[in-house]
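Only heavy atoms go into these numbers, but all of them, side chains included; no hydrogens, no water, no symmetry mates. The first residue in the sequence is number 1, and the count goes up from there.
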Amino acid sequence: MMKGLGGMADMAKMMKAAQDMQGKMAQLQEDLKSITVTGESGAGLVKATSTAKGELTALDIDPSIFNSDDKEVVEDLILAAIKDAQVKAEARAKEEMGKLTEAMGLPRDMNLPF
């Protein structure tokens with residue numbers, strides 16, 4: 001008869017663990033909003049800063065590139081810097097998620113819903 005109660009205790013532990021994970025995931029989502037990465041192009045002539053969530057927060061353009069009559073080159077450099085920031089943001093988010101899953105005793109590469 002007591003065996004059934006043991007099952008209930010295990011279920012309670014699982015529910016608590018799920019709630020803990022949910023809380024940690026929510027905190028991670030908040031943390032990703034404050035972690036920033038910087039992508040660049042043109043050997044640093046254009047820099048794009050983004051949160052780890054992928055929100056572009058700043059764009060820094062070296063004035064020297066405006067001396068060119070080639071508007072398309074400038075636009076390409078800006079797009080390249082933004083894309084670089086997006087790639088770095090995604091990598092950083094995965095890194096932070098990996099730290100969280102590892103800390104919880106789960107495989108680092110486990111894909112949890114974001």
Let me confirm one number: the [atom1]-[atom2] distance from [X] to [Y], rounded to the nearest 0.5 Å.
{"X": "K53", "Y": "L28", "atom1": "NZ", "atom2": "CG", "result": "8.5 Å"}
{"X": "K33", "Y": "T51", "atom1": "NZ", "atom2": "OG1", "result": "9.0 Å"}
{"X": "I35", "Y": "E96", "atom1": "CD1", "atom2": "CD", "result": "4.0 Å"}

Residues forming a side-chain contact (heavy atoms from CB on, under 4.5 Å) with [X], sequence neighbours excluded:
{"X": "Q27", "result": "E30, D31"}
{"X": "A48", "result": "L56, L59, A81, I82, A85"}
{"X": "E95", "result": "R92, K99, R108"}
{"X": "L45", "result": "D62, S64, I65"}

Test of understanding: with side-chain hydrogen bond (donor to acceptor under 3.5 Å, both in side chains), list the residues that count as partners of [X], not counting sequence neighbours.
{"X": "Q19", "result": "none"}
{"X": "E72", "result": "none"}
{"X": "T38", "result": "T49"}
{"X": "K16", "result": "D20"}

Are [X] and [Y] joined in one hydrophobic group, where the rule is that I, L, V, M, F, W and Y side chains link up if heavy atoms are under 4.5 Å apart?
{"X": "L79", "Y": "V74", "answer": "no"}
{"X": "M21", "Y": "M14", "answer": "no"}
{"X": "V37", "Y": "I61", "answer": "no"}

Less than 4.5 Å apart, any side-chain heavy atom of M97 and any of T101?
->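 The answer is yes; the side chains approach within 4.5 Å.
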Summary of salt bridge (charged side-chain N to carboxylate O under 4.0 Å, His left out) pairs that have at least one residue in residues 77-86, sequence neighbours excluded = D84-K88
Quick note, salt bridge (charged side-chain N to carboxylate O under 4.0 Å, His left out) partners involving residues 36-52, not counting sequence neighbours, are none
Any donor-acceptor pair under 3.5 Å from S41 side chain to L77 backbone =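 Answer holds: yes.
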